[in-house]
Amino acid sequence: MSGGLGRIGVVTFPGSLDDSDARRAVRLAGGEPVELWHRDKDLRQVDAVVLPGGFSYGDYLRCGAIARFSPVMEPLLEQARAGMPVLGICNGFQVLCESHLLPGALTRNDHLHFICRDQKLRVERTDTAWTSDYAEGQKITVPLKNGEGGYVADEHTLDALEAEGRVVFRYLNGNPNGSRRDIAGISNEAGNVVGLMPHPEHAVETLTGPTTDGLGFFTSVLKRLVTA
């Protein structure tokens with residue numbers, strides 16, 4: 001771990017919306033947030049990376065489709081494949097799918113409306129880099145806000161995700177966007193890359209969030225870095 005704290009990079013693309021919130025969450029968890037710009041060609045020796053929510057490149061063409069070609073993504077893809085923890089939140093999840101670090105895609109919500117609400121989730125997997133501070137089956141509440149959050153994949157991919165235990169979160173109390181099998185978040189095979197549509201970075205303080213349930217993402221990865 002660099003610098004003894006855990007340097008967590010947060011990438012800002014043109015149109016990113018929640019990058020400052022993600023850096024704040026890292027700081028509250030005890031880590032050192034590091035600003036990364038989409039044109040950076042190196043990751044400034046960070047130990048992990050968060051791809052935040054928002055509307056990268058205005059969501060032109062398709063959500064996340066342009067961001068995947070940003071210069072910063074080349075070293076990120078290399079390091080993620082080597083085991084570096086990467087978390088994609090909302091638009092970041094879309095970027096991870098477009099980059100093929102995670103399977104499937106995010107499509108328009110089935111009701112075709114933007115949705116913004118506090119969302120209950122069930123934690124399905126706790127051995128990823130970002131979820132070790134939760135208990136399997138734990139119910140958490142974090143904000144959800146998206147217009148294109150419906151997770152889709154072919155049946156073979158969905159069956160593989162289920163069989164390999166790579167569904168990390170499921171929606172509870174109603175599926176907000178038509179995601180297949182109520183999937184809210186998934187991981188790669190190694191568990192170092194996680195993507196989800198809801199926003200844990202907006203649930204880290206009682207003053208501004210519905211809960212502090214999101215803080216566990218950031219404390220989990222810091223503990224992983226300490227023990228790595």
Side-chain angles (χ1 to χ4, degrees), residues 17-18 22 50-56 59 61-68 77 80 85-131 134 136-203 213-214 217:
L17 184 64
D18 302 310
V50 176
L51 299 179
F55 306 91
S56 59
D59 278 353
L61 183 60
R62 192 174 59 244
C63 298
I66 299 176
R68 65 167 290 201
L77 292 174
V86 176
L87 175 66
I89 304 169
C90 196
N91 192 224
F93 186 15
Q94 295 161 340
V95 174
L96 291 177
C97 289
E98 290 288 341
S99 302
H100 306 299
L101 277 178
L102 294 175
L106 284 309
T107 62
R108 291 286 300 275
N109 296 343
D110 58 351
H111 44 73
L112 303 182
H113 295 288
F114 189 92
I115 188 169
C116 182
R117 73 184 194 193
D118 297 334
Q119 178 66 47
K120 192 174 287 295
L121 307 173
R122 182 173 62 238
V123 180
E124 303 281 38
R125 181 178 176 183
T126 59
D127 61 345
T128 80
W130 300 91
T131 56
Y134 296 103
E136 189 172 327
Q138 182 177 346
K139 297 176 182 177
I140 64 174
T141 300
V142 299
L144 172 78
K145 50 173 184 166
N146 64 70
E148 300 187 35
Y151 180 74
V152 298
D154 59 55
E155 289 299 319
H156 174 76
T157 299
L158 291 169
D159 289 342
L161 289 171
E162 302 276 10
E164 296 167 8
R166 292 166 57 190
V167 177
V168 184
F169 299 97
R170 280 186 220 274
Y171 295 115
L172 292 178
N173 297 348
N175 186 327
N177 45 33
S179 288
R180 300 297 306 277
R181 304 191 188 183
D182 298 333
I183 290 174
I186 60 172
S187 73
N188 66 346
E189 293 181 2
N192 61 302
V193 179
V194 170
L196 78 164
M197 286 310 296
H199 288 260
E201 80 281 14
H202 293 323
D213 289 348
F217 282 77

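Under a 3.5 Å cut-off, the side chain of N192 and the backbone N or O of A80 do form a donor-acceptor pair.
Between G104 and A153, the shortest heavy-atom contact is CA-CB, 4.1 Å. Counting all heavy atoms, side chain and backbone alike, V152 lies closest to R180 at CA-CG, 3.9 Å. In plain terms, the two heavy atoms of P176 and Y171 that are nearest each other are CD-CG, 3.4 Å. Annotation for A203 and V142: closest pair CB-CG1, 3.8 Å, computed over non-hydrogen atoms. Between G178 and D110, the closest heavy-atom pair is CA-OD2, 3.3 Å. The two atoms that bring M197 and E148 nearest to each other are CE-O, 3.9 Å, heavy atoms only.
Expressed to the nearest 0.5 Å, how far CG of N173 lies from CD of Q119 amounts to 7.5 Å. Going from atom CG of N109 over to atom OG of S179 covers 8.0 Å, rounded to the nearest 0.5 Å. Atom CG of residue L96 and atom CG of residue L77 lie 9.0 Å apart, to the nearest 0.5 angstrom. Within the model, atoms CD of E98 and CG of L106 stand 9.0 Å from one another, a figure rounded to the nearest 0.5 Å. In this structure, the separation between OH on Y151 and CG on N175 is 13.5 Å, given to the nearest 0.5 Å. Separation of atoms CZ (R117) and OG1 (T141) is listed at 11.0 Å; rounding is to 0.5 Å.
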Just distance, no hydrogens or angles: give the donor-acceptor pairs under 3.5 Å from side chains in residues 85-92, sequence neighbours left out.
{"residue": "N91", "atom": "OD1", "partner": "S56", "partner atom": "N", "Å": "3.0"}
{"residue": "N91", "atom": "OD1", "partner": "S56", "partner atom": "OG", "Å": "2.8"}
{"residue": "N91", "atom": "ND2", "partner": "Q94", "partner atom": "OE1", "Å": "2.8"}

### Query
Does the side chain to side chain contact (heavy atoms under 4.5 Å, CB included) test come out yes or no for V168 and Y134, once each step is laid out?
CA-CA 11 Å; V168 184; Y134 296 103; over 6 Å; no

### Message
Could you go through E162 and R170, starting from their C-alpha distance and side-chain angles, then the distance that decides it, and tell me whether this counts as salt bridge (Lys or Arg N to Asp or Glu O under 4.0 Å)?
### Response
CA-CA 12 Å; E162 302 276 10; R170 280 186 220 274; 2.7 Å; yes

### Task
Step by step, work out the side chain to side chain contact (heavy atoms under 4.5 Å, CB included) result for D127 and R125.
CA-CA 6 Å; D127 61 345; R125 181 178 176 183; 2.4 Å; yes

### Query
Does the pair I186 and V194 meet the rule for a side chain to side chain contact (heavy atoms under 4.5 Å, CB included), with working shown?
CA-CA 6 Å; I186 60 172; V194 170; over 6 Å; no

### Task
Please assess L101 against N188 for the test side chain to side chain contact (heavy atoms under 4.5 Å, CB included), listing each intermediate value before the final yes or no.
CA-CA 7 Å; L101 277 178; N188 66 346; 5.9 Å; no

### Task
Using the salt bridge (Lys or Arg N to Asp or Glu O under 4.0 Å) rule, take R181 and D159 through it: C-alpha gap first, then chi angles, then the decisive distance, then the call.
CA-CA 10 Å; R181 304 191 188 183; D159 289 342; 2.7 Å; yes

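A heavy-atom distance below 4.5 Å is found between the side chains of L158 and I183. Put simply, the side chain of I115 does not reach to within 4.5 Å of the side chain of N177, judged on heavy atoms.
Aromatic ring centres of F169 and F217 lie closer together than 6.0 Å.
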